[in-house]
Participant: 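If you scroll down you'll find the structure; I have some questions about it.
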Amino acid sequence: MQTARQPSPQASDPTLLSVTDLSISYRGEQTVQAVRDLSFYVRAGETLGLVGESGSGKTQTALAIMGLLPETARVSGRVTFMVGQQASELLSMPQQQLNTIRGRAISMIFQDPMTALNPHLTIGRQMARVLERHRRLSRQAAYAEAAQMLDAVRVPEARARLKQYPHEMSGGMRQRIMIATALLCRPELLIADEPTTALDVTVQAQILNIMAELQREMGMALLLITHDMGVVAANCDRVLVMRDGVERESGEVTQVFSAPADQYTRDLLAAVPRLDAKSRAVAGDALGGEDDCNEGESERSDRTRNTIRPRQPTRPLLTVDDLRVTFDVGRERWFSPRRLLKAVDGVSFELAPGETLGVVGESGCGKSTLARAVLQLLDGYAGRVSLLGDELGHLSAAAVKAHRQHMQVVFQDPLASLNPRMTVGDIVAEPLQTFSPQLSRTERLQQVQQLLAKVGLKPEHAFRYPHEFSGGQCQRIGIARALICEPQLVICDEPVSALDVSVQAQVIELLMGLQKELGLALIFIAHDLAVVRQISHRVMVMYLGRVVELTDSDTLVESPQHPYTRALIDAVPIPDPAIERNRERLLLRGDIPSPLNPPSGCVFRTRCPLAQQRCTDEQPQLLPSGNAHVACHFPVSS
Amino acid sequence: MLSFAFRRFLSGIPTLLVLLALSFALIRVAPGGPFDTEKQVPPEIQERLNAAYHLDEPLWMQFGRYLGNLMRGDFGPSFQYKDYTVTELIGAGFPVSLQLGGLAMLLALLAGISIGTTAALKQNSRTDHVVMGMAMTGISIPNFVLAPLLVLLFAVTLRWLPAGGLGEWRSLVLPVISLALPQIAYVARLTRGSMIEVLRSDFIRTARAQGLPTLEIIVGHALKPALVPIVSYLGPATAGIITGSVVIEQIFGVPGLGRFFVQGALNRDYTLVMGVVVFYGVLIIVFNFLVDLAYRWLDPRVQL
Amino acid sequence: MSTLVTGQTGRSLWDDARDTLKKNRAAMTAIALMGFIVLLVLAAPLLSPYSIDSTDWERISIPPSFATSHWFGTDDVGRDLFIRTLYGGRISLLVGLAATAVSLLIGIAWGATAGYAGGKVDQVMMRIVDVLYAMPFMFVVILLMVFFGRNIFLIFVAVGAINWLDMARIVRGQTLSLKKKEFIEAARAGGVSPANIVRRHIVPNLLGVVAVYVTLTIPQVILVESFLSFLGLGVQEPMTSWGALVNDGAQVMETAPWALVFPAVFLALTLFCFNFIGDGLRDALDPRDRRDS
């Protein structure tokens, strides 16, 4: 258990970096103004958060400071950096002189650790090169120094890692290596551009913790660029909110969060789903029931209230029983046994009509595979999936096809899930061609246009192509396609994780509204527990292909029983500095094990702080415990 | 690495067998034997000739005999050049072709990679456009068009260089250049494309953020990944140089293997033609094997 | 019931590609020039008083002259080189188109099947491609020409049979990556049949790459045919092709350079045009470049 932050540095600390009237534009057919008249400063040892949605110009600002903008960019303004006692102007500095500062006094780490390291060179080579250049170390001394730094970011077996290539490591490990490389010359300022966005939330917590620790130790300043208000609340002293290349608000984190002066900041804070907010789905049912009564639609209200959660036994819409999906990933070498990847390993649940079941877990936990198995998109699975009482695995291809009308899907990547060569109208109408072949072209178009209006688009959008729309609009098109045949179940696989916070909020709003209106059942898959709590009635937590806990969404967050659930909750930062700075956290060690070679007994035991001998020997079953179902030998609290 | 090399090596064997069977079959079903002449040969002499060359045995026995002989490096006697074995002819022609092809390949790689890298670094500049325009011309002019034109210019008109033959180094200049030019153009285009893509990648941005100077970034970070497509092209390039040298040897009168092949083909010299095809087939297979190893070294992610 | 709303059709990716291509001056010039060459070649008989095998005994090996209407001169048996160059172009272009069509058919069928079927089928099919790929195919084609006679049909088949390997690899790669796309899964979830998935979702998305590849295959094929003709293994007299004409011209280049220069220029220009068009198409259709701008 660790607390997150120490008291902030003194306001009297000297200014390390100051940016004055920075403007960046790109000239083309239309001139694009990426950043306009931006001014801010960073004091020695403090953390400034630069926050904004995509297109806000936050990354452009960082690249300008580092002299990394493409040649087509036009930059004006001043960027002054203190080297020793002397102020140096970075924007006009010749490349050669700049190279004595970047990598040495200012370092930068990037968002995607998968592509930011050179896949063709060993880790050791990449790290040593920096030391050889800036500190003139011999090859041998450089490797020793690099190993030490890897130790400092808690990379296990540092010496051996130096000989490895980036692709042999997990994302979290690579980001640690990026950090270690950036800190090799003990810089005075570290610029971190979305350093944890590509990582799982438990790994994000580890990485942010390591960064904070090293920052204290080295007394270095941090410019943290992020879209996540929670990360800002937990890690920054001051914050600057940007939108469309312009500063909207800046100040002490505590002040900006408690009394935001700018409307955009207020909207942004309001749009962020908070893990400590009650489930809107559950609350909405109670509320919605009253509304419906007021409007006299008692019939629907009865149906909704009774079927939302399986309190009164109703016939379930979907039953999944002991579902197992195994992928054959071939042999490692000749004559070695074939390797089997158990993506989903014995999952059972029921879903009532009109209910939302959230499925949450980190990458590789099998949540997407589960979705594809239920949707009958996989070649084979073991176990039973029954929709409306019919077991789909036993049906003929034609019968399965008929059942597809009742269950549809919305995918993560809004653009990739739409065929770029088809018009929006054709895309949305495609399921109609299969399920209502009697309709004429005009009738189909009519239905499509009605539905487009319903999901917040315009009817004439039917004639356009997907690439003419924004990410949020594309996701609305995807939702329209899923709804055109009036299904009873829609499976949403990470439907909002590729979207900006404010757009995310709109799409969630839309989904919840449509669900109420149409009485849909949803399976909502996401890695973001806060979003899942907000939208779901019940939540299922998965880890390495198994369900570890299944209960009401509020119960799950308020009194988690499985240590993994607890760690997951603790890892999610809450956009409120007052809460965030006094939180006790359960931080997990290490990375998720490879699903090719899962641990014996309880799959979570290798990272579990409570693991005992029994956990190695015996696989825990998902059993009722209090309000919940938990698969743990030693549940945290009941 | 060893097991990787071993597996790649084994996978060349089916290729070789298919090659042998195919060329053997082709020759056997082909109309017209080597001793079909205008004059009517008496049947008993025809028979004796057939027996001497085992043409009277069943096909599979002939194939087996051929394979057995190949194992011992014996390609059999030439039908055309009666006093020589095919092995001797290959032994005489190949060193000449190797010298020509090797030099051309070396020139293609050195010139192609440096031209391509320069163009990539000065992307969309005047230098880039001029150099790449020339590369496009190099690709579009086949070497059998280029070679006579070069001869016309440098040997016939300017009289700087000899028009053909083999002897002093000067006689190699025109054939090597004609053989190399299209390949230089290909390699330059490939290098430019891959270099531009690599220079755009995130890890180059990381290296720049680390304060490394441009030259060190190019040599230390960008060159290895940029070479990957070039190495993949080496296989087709070799095949291109080998077939190209058939023409170039013809034009410049170089007594290399390519000329033997064309002569053999026109004269239906079965054993010679098949010998050359098998020899080059093995050469290409061996070369592809080396390319695979190089590929693996350049890109550690490759798993085959 | 709501009424139908009409609206303007949006810009498809094809529209975008066409605009990009139109802005590419090199490619547009190449297209115009190529169109001109094709017209010239098709209209050949109307443009010259001579025929392909008529010999003008009084004017053997004369340089280009307007007075005699031998615009490109004559060869060493007095045949008109202008008409022979244009007729040679017919053969070269025909071989280029026909053999590319052969390689297109085999390559798409093979590659799409392997890619869409996946698994064992894919492994076996691509293994066959690998084996064939390592063959010294130019030599095999030469063997074919020698043994079965110089038959133009055989050239189509032989050259097409070499080039389909590349096409199969490219189509397979594209199909594999398309198959993983979420819009294909969405279509399957929507009950669309496999045949319709291939027709509506896979093929339209393959077309761009195939178009680029076809443009770049045609010059390769023309080159192979010229190469064979140059070795004396291509088309037979009295028909000719650019490669055969270059070969004839190279023999007499010291005394009659025009016999080499005219066919060589036509051949090189054609290859030049196709390569530029291919490059332009690649820039216009490659989605990777689209994302950058």
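Side-chain atoms are counted along with the backbone in the values below, which use heavy atoms only and exclude waters and symmetry mates. Note that this is a predicted model, so its numbers are computed, not measured.
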Participant: At a heavy-atom separation under 4.5 Å, does Q433(A) approach chain C through its side chain, its backbone, both, or neither?
Facilitator: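 The side chain, not the backbone.
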
Participant: Given V212(C), which of L281(C), D279(C), T217(C), L207(C) fulfils the side-chain contact (heavy atoms from CB on, under 4.5 Å) condition?
Facilitator: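 Of L281(C), D279(C), T217(C), L207(C), side-chain contact (heavy atoms from CB on, under 4.5 Å) with V212(C) is met by L281(C) alone.
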
Participant: Nearest 0.5 Å please: distance from the CD1 atom of I479(A) over to the NZ atom of K454(A).
Facilitator: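 So the CD1 of I479(A) and the NZ of K454(A) are separated by 13.5 Å.
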
Participant: With respect to W164(C), which candidate in L104(C), V129(C), T100(C) satisfies the side-chain contact (heavy atoms from CB on, under 4.5 Å) definition?
Facilitator: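 Output: one option passes, namely V129(C).
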
Participant: Keeping to residues at least two apart or across chains, list the side-chain hydrogen bond (donor to acceptor under 3.5 Å, both in side chains) pairs with something in residues 108-120 of chain C.
Facilitator: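 side-chain hydrogen bond (donor to acceptor under 3.5 Å, both in side chains) check on residues 108-120 of chain C returns no pairs.
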
Participant: Measuring heavy-atom distances to chain C, does L418(A) have an atom under 4.5 Å in its side chain, in its backbone, in both, or in neither?
Facilitator: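 Contact with chain C: backbone only.
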
Participant: Decide yes or no on side-chain contact (heavy atoms from CB on, under 4.5 Å) for Q475(A) and V496(A), but give the supporting numbers first.
Facilitator: CA-CA 8 Å; Q475(A) 205 56 299; V496(A) 295; 5.9 Å; no

Participant: So which of T434(A), L445(A), L377(A) has the biggest tally of heavy-atom pairs under 4.5 Å with chain C?
Facilitator: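 Counting heavy-atom pairs under 4.5 Å, the top option is L377(A).
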
Participant: Heavy-atom cut-off 4.5 Å, strictly under: side chain, backbone, both or neither for Y26(A) against chain C?
Facilitator: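 When you check distances to chain C, no heavy atom of Y26(A) falls under 4.5 Å.
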
Participant: Would you give the length of the straight line joining atom CG of L483(A) to atom CG of L520(A), rounded to the nearest 0.5 angstrom?
Facilitator: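 Answer for the CG-CG pair, L483(A) versus L520(A), is 6.0 Å.
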
Participant: Distance check, rounded to the nearest 0.5 Å: I484(A) atom CD1 versus F435(A) atom CZ?
Facilitator: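 It comes to 12.0 Å.
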
Participant: Non-hydrogen contacts under 4.5 angstrom with chain A: give the residues of residues 173-190 of chain C involved, or none if there are none.
Facilitator: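 Under the 4.5 Å heavy-atom cut-off, K181(C), E182(C), F183(C), E185(C), A186(C), A187(C), R188(C), A189(C), G190(C) qualify.
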
Participant: Counting heavy-atom pairs under 4.5 Å with chain C, which one of A416(A), A462(A), C485(A), A402(A) comes out on top?
Facilitator: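 That would be A416(A).
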
Participant: Given the options R481(A), H403(A), R464(A), E468(A), which has more heavy-atom pairs under 4.5 Å with chain C than any of the others?
Facilitator: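 Of the options given, most contacts go to E468(A).
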
Participant: Can you tell me how far the CG atom of N24(C) sits from the NZ atom of K22(C), to the nearest 0.5 Å?
Facilitator: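 NZ of K22(C) is found 13.5 Å from CG of N24(C).
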
Participant: Non-hydrogen atoms of chain C under 4.5 Å away: do they reach the side chain of S417(A), the backbone, both or neither?
Facilitator: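 Both parts, heavy atoms under 4.5 Å.
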
Participant: Describe, in one word, how the ring planes of Y465(A) and H467(A) are oriented to each other, choosing from parallel (under 30°), tilted (30 to 60°) and perpendicular (over 60°).
Facilitator: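 It falls in the tilted class, 30° to 60°.
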
